[in-house]
Amino acid sequence: MADAKDIEKKLAEFTAALERVVQVGNTWHMPEEVKLLFQKQSHNPDMNNVNVAVFGQLDTEKMITLARTGAVHWWQPFTGRAFFGDVEGMRKIYNAAPAESRPNATSAMTWVCFPYKAAGVSNKIDAAVLRQLFEWGADVNEKKGEWLEKAVRQLDGEPLKEFVTRGNIATVFRAMDGIKDEARQKEIQKLLQKPTSYVKVDDTTLAETKFIPDAQGGSWFKTLFNFRARRVNEVYEYGSDRKALMASTSFDDYDSQSIDFARAKLKALGGNPADSMQKDRFKGLSKPN
């Protein structure tokens with residue numbers, strides 16, 4: 001099994017070989033023996049860890065040239081750049097690859113979703129790399145959340161955020177079951193939270209929506225403030241099958257500060273709610289003229 005010292009030797013060997021690949025004008029010149037050297041290395045399925053660790057450190061433009069000739073598989077230098085946290089190099093390779101050979105973003109994600117050593121060389125987990133992979137369609141929930149669980153249990157900071165904010169919430173809670181550190185649990189729960197949203201339904205109605213993360217995938221608490229009818233409707237949606245509970249209350253029986261807050265929000269969104277908290281009273285029959 002190769003280790004870090006073996007990688008150093010391989011890196012020196014292939015770096016020296018690449019020095020023989022030169023560009024004259026717009027044309028790259030590559031000796032046939034250099035092409036064969038890389039081809040033998042790249043096409044050995046037992047050397048994937050070595051290839052990622054080595055190819056990810058070699059000159060990007062020359063690796064693109066080798067990939068175009070079929071000497072190396074596109075995914076190896078691409079994944080290598082992701083492995084070492086080089087988002088710009090990764091983009092160059094991805095954009096240079098023909099559509100039918102374009103590297104798989106989900107596959108590359110699996111190499112950087114938790115601390116991992118390829119042939120004794122440690123990966124560098126970079127949030128910018130992860131964001132780009134997700135933009136290219138990397139599936140955070142691949143293999144029933146196996147990679148997401150690894151990320152939740154082992155990552156920190158911005159890389160952790162990239163996974164948690166995109167992942168299946170039930171999977172995140174499942175991964176949290178194995179975490180004993182309360183501070184870390186709180187950090188993850190904070191990442192699961194979503195800001196309360198406010199929507200103007202019409203000039204006299206405001207919808208307030210709050211998200212509550214839970215092991216069933218999250219629940220929603222929605223409050224509809226209807227200033228014309230002077231009523232508040234509350235809806236609680238929960239469970240994987242989205243069960244719902246609903247309650248309706250008159251403004252007269254609801255918290256006045258919440259109504260004042262909703263009125264201000266609706267006005268800020270361009271609505272026109274009534275200012276008075278008191279409903280019009282029945283004045284009785286008027287005297288005939």
Side-chain angles (χ1 to χ4, degrees), residues 75 79 82-83 85 87 90 103-118 122-199 201 206-225 232-248 258:
W75 75 265
T79 302
F83 188 86
V87 66
M90 185 180 72
N104 184 280
T106 299
S107 176
M109 177 201 73
T110 66
W111 290 77
V112 288
C113 64
F114 67 102
Y116 176 72
K117 287 186 177 182
S122 298
N123 61 359
K124 179 183 177 182
I125 301 173
D126 184 84
V129 166
L130 291 170
R131 279 192 293 272
Q132 182 62 83
L133 290 173
F134 289 131
E135 286 177 16
W136 283 330
D139 184 1
V140 68
N141 299 303
E142 170 79 356
K143 293 185 70 174
K144 298 181 180 180
E146 175 183 334
W147 305 110
L148 174 59
E149 285 196 53
K150 289 179 182 292
V152 171
R153 289 174 179 158
Q154 299 182 60
L155 296 186
D156 296 294
E158 288 298 310
L160 174 64
K161 179 181 178 181
E162 295 302 323
F163 279 93
V164 171
T165 55
R166 291 177 172 84
N168 178 281
I169 295 173
T171 303
V172 174
F173 268 84
R174 186 171 71 230
M176 286 172 62
D177 287 341
I179 298 174
K180 305 302 180 184
D181 186 341
E182 290 186 7
R184 182 167 174 76
Q185 286 192 348
K186 288 180 180 179
E187 176 189 7
I188 296 169
Q189 288 175 340
K190 186 176 181 180
L191 291 173
L192 287 171
Q193 294 173 358
K194 301 179 187 296
T196 301
S197 69
Y198 298 92
V199 176
V201 178
L206 176 78
E208 175 189 81
T209 303
K210 296 180 179 181
F211 176 73
I212 306 166
D214 58 43
Q216 284 71 48
S219 54
W220 298 90
F221 185 71
K222 302 177 181 180
T223 308
L224 200 69
F225 294 89
V232 179
N233 294 315
E234 296 177 332
V235 180
Y236 178 62
E237 297 179 355
Y238 64 98
S240 57
D241 55 352
R242 311 315 299 162
K243 294 185 178 68
L245 299 174
M246 180 175 175
S248 182
S258 295

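Considering every non-hydrogen atom in both Leu133 and Ala105, the closest pair reads O-CB, 3.6 Å. Between Val201 and Ala207 the shortest heavy-atom distance is CG2-CB, 3.9 Å. Closest approach of Glu187 to Gly157, counting heavy atoms only: OE2-N, 3.7 Å. Across every non-hydrogen atom of Ser248 and Asn233, the tightest pair is OG-OD1, 2.8 Å. Smallest separation of non-hydrogen atoms from Ala170 and Ala215: CB-O, 3.3 Å. A pairwise comparison of heavy atoms in Arg184 and Val152 identifies NH2-O, 2.6 Å as the closest pair.
Checked by atom type and distance alone, the side chain of Gln216 never pairs as donor or acceptor with a backbone atom of Tyr238 at under 3.5 Å. In terms of modelled atom types and a separation under 3.5 Å, the side chain of Asp126 and the main chain of Val112 share no donor-acceptor contact.
The CD atom of Glu208 lies 5.0 Å from the CZ atom of Phe225; values are rounded to the nearest 0.5 Å. If you take CZ on Phe83 and CD1 on Ile125, they are separated by 9.0 Å, rounding to the nearest 0.5 Å. The CG atom of Leu192 lies 6.5 Å from the CE atom of Met176; values are rounded to the nearest 0.5 Å. Atom-to-atom distance recorded for Arg131:CZ and Glu158:CD is 6.5 Å, nearest 0.5 angstrom.
Residues Thr209 and Trp220 meet the side-chain proximity criterion, which asks for heavy atoms closer than 4.5 Å. Taking 4.5 Å as the limit, some side-chain heavy atom of Val232 sits within range of a side-chain heavy atom of Glu234. Ile169 is listed as a side-chain neighbour of Phe211, based on a closest heavy-atom distance under 4.5 Å. Annotation: side chain of Gln154 is in contact with side chain of Pro115 (closest heavy-atom distance under 4.5 Å). With contacts defined as side-chain heavy-atom distances shorter than 4.5 Å, the pair Leu206/Tyr198 qualifies. Looking at heavy atoms from C-beta onward, Leu191 lies out of side-chain contact with Val172 at the 4.5 angstrom threshold. No side-chain heavy atom of Leu224 sits under 4.5 Å from any side-chain heavy atom of Val235. Annotation: side chain of Met109 is in contact with side chain of Phe163 (closest heavy-atom distance under 4.5 Å).
Ring planes of Phe221 and Tyr236: tilted class, angle from 30 to 60°.
Applying the side chain to side chain donor-acceptor pair (under 3.5 Å) test to residues at least two apart or on different chains, the pairs with a partner in residues 139-150 are Lys143-Glu146, Glu149-Arg153, Glu149-Arg174.
We find that Glu162 and Arg166 are joined by a salt bridge, their nearest charged nitrogen and carboxylate oxygen being less than 4.0 Å apart.
In terms of the side-chain contact (heavy atoms from CB on, under 4.5 Å) criterion, residue partners of Ser122 (sequence neighbours excluded) are, by chain and number, Lys117. Looking at residues two or more places apart in sequence or on another chain, you find no ring pair (Phe, Tyr, Trp, His ring centres under 6.0 Å) involving Phe173.
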